[in-house]
Amino acid sequence: QVQLVESGGGLVQPGGSLRLSCAAPGFTLWNHAIGWFRQAPGKEREALLCMSTQNGPTWYASSVAGRFTISKDITTGTVRLQMNSLQPEDTAVYYCAAEDPDGGTYCGPDMGRRTYDYWGQGTQVTVSS
């Protein structure tokens, strides 16, 4: 059973950067389509960005395009989310999600409607001075 574990969250000042990681101990995420989501208190979950299988196509929501970057490490089988120019409105719990390789390779603007097979527990990102 694939279990996703996010790490790298924390407190950062506005304009700062953080790098989140998503790992699946005992498994590689290289062949999984991956999505990153976030949920702020009192708000609905927001689909942020995704990458298809392997080092495939990516998609970014307008709220993070140009500031956030998703990448996969084939050596470690993990997924990274580099977040730059963070602002207070980026404060939220961030989740990674993965589709089973047999289930699909989709990555695009409809990622929020996809049924991801595996989810992490989330990692808190707080942007504040």
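Being a predicted model, the structure only gives us computed values, none of them experimental.
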Colleague: Would F27 and H32 count as a side chain to side chain contact (heavy atoms under 4.5 Å, CB included) if you check the C-alpha gap in whole Å, the side-chain angles of each, and the deciding distance to 0.1 Å?
Modeller: CA-CA 10 Å; F27 296 88; H32 293 257; 5.7 Å; no
Colleague: Please list, chain by chain and in numerical order, all residues satisfying side chain to side chain donor-acceptor pair (under 3.5 Å) with Q124, sequence neighbours excluded.
Modeller: T126
Colleague: Using a 3.5 Å cut-off and no angle test, enumerate the donor-acceptor pairs between side-chain atoms of residues 103-112 and protein atoms at least two apart in sequence or in another chain.
Modeller:
unit_1: Y106; atom_1: OH; unit_2: D110; atom_2: N; d: 2.9
unit_1: D110; atom_1: OD1; unit_2: R113; atom_2: NH1; d: 2.5

Colleague: Can you list every disulfide bond (SG atoms under 2.5 Å apart) pair that touches residues 54-89, not counting sequence neighbours?
Modeller: none
Colleague: According to a 4.5 Å side-chain heavy-atom criterion applied to Ile, Leu, Val, Met, Phe, Trp and Tyr, with indirect links allowed, do M51 and W59 form part of one hydrophobic cluster?
Modeller: no
Colleague: Check side chain to side chain donor-acceptor pair (under 3.5 Å) between N84 and all other residues, then give those that pass, not counting sequence neighbours.
Modeller: S17, Q82
Colleague: Mark yes or no for whether T91, through its side chain, and V127, through its backbone, hold a donor-acceptor pair below 3.5 Å.
Modeller: yes
Colleague: How are the rings of F68 and Y94 set to each other: parallel, tilted or perpendicular (split at 30° and 60°)?
Modeller: tilted
Colleague: For residues 2-15, dump all side-chain donor-acceptor pairs below 3.5 Å to protein atoms at least two apart in sequence or in another chain.
Modeller:
unit_1: E6; atom_1: OE1; unit_2: Q121; atom_2: N; d: 3.0
unit_1: E6; atom_1: OE1; unit_2: G122; atom_2: N; d: 2.7
unit_1: E6; atom_1: OE2; unit_2: C96; atom_2: N; d: 2.8
unit_1: E6; atom_1: OE2; unit_2: G122; atom_2: N; d: 3.4

Colleague: Scan for salt bridge (Lys or Arg N to Asp or Glu O under 4.0 Å) pairs involving residues 114-129, sequence neighbours excluded, and state none if there are none.
Modeller: E99-R114
Colleague: Just wondering, do T123 and V93 contact through their side chains at under 4.5 Å, heavy atoms?
Modeller: no
Colleague: Tell me, please, which residues at least two apart from F37 pass ring-ring contact (aromatic ring centres under 6.0 Å, His included).
Modeller: Y116, W119
Colleague: The test is side chain to side chain contact (heavy atoms under 4.5 Å, CB included); show your working for N31 and Q54 and say whether it passes.
Modeller: CA-CA 5 Å; N31 293 314; Q54 300 182 2; 3.2 Å; yes
Colleague: Residues two or more places apart in sequence or in another chain: which of them pass salt bridge (Lys or Arg N to Asp or Glu O under 4.0 Å) with D100?
Modeller: none
Colleague: Just how far is it from atom CG of L29 to atom NZ of K72, taken to the nearest 0.5 Å?
Modeller: 7.5 Å
Colleague: In chain order, what residues pass the side chain to side chain donor-acceptor pair (under 3.5 Å) check against T78, with sequence neighbours excluded?
Modeller: T76
Colleague: According to a hydrophobic-cluster definition based on side-chain heavy atoms being under 4.5 Å apart (Ile, Leu, Val, Met, Phe, Trp, Tyr only), do L48 and Y95 belong together?
Modeller: no
Colleague: Of the non-hydrogen atoms in I70 and T58, which two are nearest, and what is the gap between them?
Modeller: CG2-CG2, 3.8 Å
Colleague: Tell me who clusters with W30, hydrophobic residues only, linked when side chains sit under 4.5 Å apart either directly or through other members.
Modeller: I74
Colleague: State whether the number of non-hydrogen atoms from other residues, nucleotides or ligands found under 6.0 Å of E89 atom CD is greater than 12.
Modeller: yes
Colleague: Atom CG in L81, atom CG in L18: separation rounded to 0.5 Å?
Modeller: 9.5 Å
Colleague: By the side chain to side chain donor-acceptor pair (under 3.5 Å) test, which pairs, at least two apart or in different chains, include something from residues 60-69?
Modeller: E46-S63, R67-D90
Colleague: Measuring only between side-chain heavy atoms, which start at C-beta, is M83 closer than 4.5 Å to L20?
Modeller: yes
